[in-house]
Visitor: 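Structure provided below as structure tokens; questions to follow.
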Amino acid sequence: MTENVVRLVKTPPTDPQPDATPTVLTVVPDAPAAPLVPLWVRSGRAVKTVVTHEGTKSAVRAVARHSLYTFNGGRIVARRTWDGKTGSRYERMIRTAEAAGNLEAAEEWEERLTRFRQARHHRRMDLLHSPVEAAKGLAVGTGVSIGVLVALGVIMAINNHDVTDVITPLAATIEFIALLIRIVQVTWGTAVIVGPLLALFALWAVGSKQQAAPQWALPANVRSGEGEPVTPSIVVKALRDLGVPALRNAIKDMGDAGASMLGPIRIAGCGVEVDVTLPSGVSTNEVQGKRRKLAENLTRHEHEVFITIPQAARTVRLWVADSGALDEPIGPSPLVTDETMTADYAKGRAPWGQDLRGDAAALSVYQRHLLITGLSNQGKTVALRSLALWLALDKSVQFLMGDLKGVGDWNMFTGLATVLIQGPTDDHVIQVTEMVEGAVDEMNRRIQAPPGTVFPPLIVLVDEAQVAFMCPVKDDEGRPYGGSKATSRYFMAVRKIHNQGRAVNVLMWQGTQDPTDQNLPKLVREGAHTRASLALGTESQARMALGDKAVDGGAAPNLLRPGLDRGTLVVASDGIAIPAGQASITVRTHYIDDDAAVVITDRAKAMRDGVTTLRVVDNGEERDALADVAAVLGDAPRVLTQEVLKRLAALDADTYGGWSFIDLKRVLDGTGAEPYKSDGRMVVGTERVARALTNRDGEGSASAAE
């Protein structure tokens, strides 16, 4: 609450009289005072500060830790005592052997249990007779002892000539016993206090050695566990504390504390690998669904533990990385370091990166359609471009490329790709669609060729393909370029290549972002032989990217860390070596920057005779036919007229798609670059066309000057 403060101020009267000037007191409210904070609020803040202080938290953790050490140490000692006095240990071993199907071991442990019970029975029967035997022994022992002491006294009396020495040994013994009694009487009070404390300390020592306290209560150096080696006991403890009741109870009942579940722990690259055979009643997906908790139990981050399903039934394969190892780069690509490397489309494998074991991950692209997807800015274009860079070193491979991002990521393929379209607009989508439809025509031509004909590989590559699928533009006949219906031109062209292109080496490679049913239709996803995914947002997207089989088998690109795991792919393909029983493999791809990519493409261009890249321009622009002819001729001394017409049609289908030899002859007539025969076939001379274009431009400049 606040208090109103007033003050009295002297002011002159409003109508002063000449003979009197009375003083008027006016009540003026003062500026409001600062609000007073109630005492209980201030006390609450102080309490909160004390409670949340790091020193308080440390003290609470210490008290809880040492208390639980003592309590759980008592439980451990009690369990050990119970095991030593009863046959529970043998019974657990029998159940473990029966669960593993080892009947011989079960029979052996049952035999040991029988012998243990017989020996225990004999001990108990002996206890029934022991009081009588003990009394007899005590009487005989006492009598013998007294007789010995008296005999010793007699000897002393004869020796000393003093009859009183007969009882001296007996009296000394009695005095010694009395001394012991007095010592016990003096120390008994202390022993009553110290004894329980020593017992508690012993229990604390047992619990401390076993770290028998929750993770939150352990010291910071124990809780972090950075770099802690993965041992069988750590793995079993992590599984036991996973929160699966059937698994926890099964481990508790196993005589070997769960060690029989584990296969050998093997070094695998920058981590270790172990197979875990789950007990009956525990399914593999129960463990897969608790990946984060399992990783934390193993003192690792979630991205440092991978769970896959091998061929063996009821078995999960755990790969646990060395702490921090996955955040380190894997080194440059062999494409950059080995300047002599070449590619072989049919028999070779592209050096793509490394798997989690640290082994080289190489991908075969032979007759396999490819799909790479992932969130934006995760390395999709670089991963796709790495494969194209390797394949460019096979001079027989042809490329048709469309980049619907249009920021120059594929500029280095100028001079390698037959067609290169770059841009994000609807016009660029139209051009890319026509490029893919042209590849369909080429595929149909190859299919109709005589059997046994060998065709060079033709890679139709579209980056940012989701732009094409989402394009709303329709052609003159009302057919949409985008979409996923049978009327969609881009969708149907891709489907046709997926259906038949593989047989004649016409392959479809696509890169796309953030897959959904709208921007990546189901039939297109399932038509790819090699499917790879970078980091994704949800499991449903992971299923779209890789398929249900891969995700059910442990593939989880949705668990990759966006930004931190840039360039890390989960791959499902028969073109890459995948461990037996797994449906996918995780690959950390090499990063090849733009400068290194230019060096590689320069090497690829040096291996070829020269390829003229057609850079498609926007439709509707007025064409310069002679300049276009000069552009498509490239560096070759002469080109067949039919090839010139084909290149012109690829350059601009609307302008040159219907051209014939007569149209080409009409453009070249009178320029000095008319078609002529060479080896019996009509050709167009590159030097003649260049000279004609130069002369024409020169005449135009002279006319303008006049």
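Heads up: numbering here begins at 1 and tracks the sequence. Excluded from the calculations below are hydrogen atoms, water molecules and symmetry mates; all remaining heavy atoms, backbone and side chain alike, are included. Only a predicted model underlies this, so the values are computations on that prediction, with no experimental measurement involved.
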Visitor: Do Asn411 and Gln422 meet the criterion of a side-chain donor-acceptor pair at a distance under 3.5 Å?
Guide: yes
Visitor: Any cation-pi pair here, Arg445 with Phe455, using under 6.0 Å and within 45°?
Guide: no
Visitor: Do Glu526 and Arg531 meet the salt-bridge criterion of a basic N to acidic O distance under 4.0 Å?
Guide: no
Visitor: May I ask you to decide if the ring planes of Tyr490 and Phe469 are parallel, tilted or perpendicular, using 30° and 60° as cut-offs?
Guide: perpendicular
Visitor: Between Thr512 and Gln466, is the side chain to side chain donor-acceptor pair (under 3.5 Å) condition met? List the steps.
Guide: CA-CA 5 Å; Thr512 182; Gln466 78 279 354; 3.1 Å; yes
Visitor: Output yes when Asp517 and Arg525 qualify as a salt bridge under the 4.0 Å nitrogen-oxygen rule, no when they do not.
Guide: yes
Visitor: Salt-bridged, Asp628 to Arg647, with N to O below 4.0 Å?
Guide: no
Visitor: Exactly one of Leu461, Val494, Val524 should register a side chain to side chain contact (heavy atoms under 4.5 Å, CB included) with Met508. Which one does?
Guide: Val494
Visitor: With distance as the sole criterion, is a donor-acceptor pair present between the side chains of Gln541 and Glu539 under 3.5 Å?
Guide: no
Visitor: Got a salt bridge between Asp594 and Arg385, using NZ or NE/NH1/NH2 to carboxylate O under 4.0 Å?
Guide: yes
Visitor: Any salt bridge between Arg603 and Glu339, counting N to O under 4.0 Å?
Guide: no
Visitor: For Thr425 and Asp427, which I'm curious about, is there any donor-acceptor pair between the side chains at under 3.5 Å?
Guide: no
Visitor: Can you find a heavy atom in the side chain of Val230 that is under 4.5 Å from one in the side chain of Arg300?
Guide: yes
Visitor: Which of parallel (below 30°), tilted (30 to 60°) and perpendicular (above 60°) describes Phe413 and Trp410?
Guide: tilted
Visitor: Hey, is Arg588 close enough to Asp565 for a salt bridge, meaning N to O under 4.0 Å?
Guide: no
Visitor: Without hydrogens or angle criteria, can the side chains of Asn505 and Tyr345 be said to hold a donor-acceptor pair below 3.5 Å?
Guide: yes
Visitor: Using a strict cut-off of less than 4.0 Å between a Lys/Arg side-chain nitrogen and an Asp/Glu carboxylate oxygen, indicate whether Lys405 and Asp463 qualify as a salt bridge.
Guide: no
Visitor: Test Glu464 against Lys380 for salt bridge (Lys or Arg N to Asp or Glu O under 4.0 Å), laying out the working first.
Guide: CA-CA 9 Å; Glu464 306 296 341; Lys380 169 179 52 61; 3.0 Å; yes
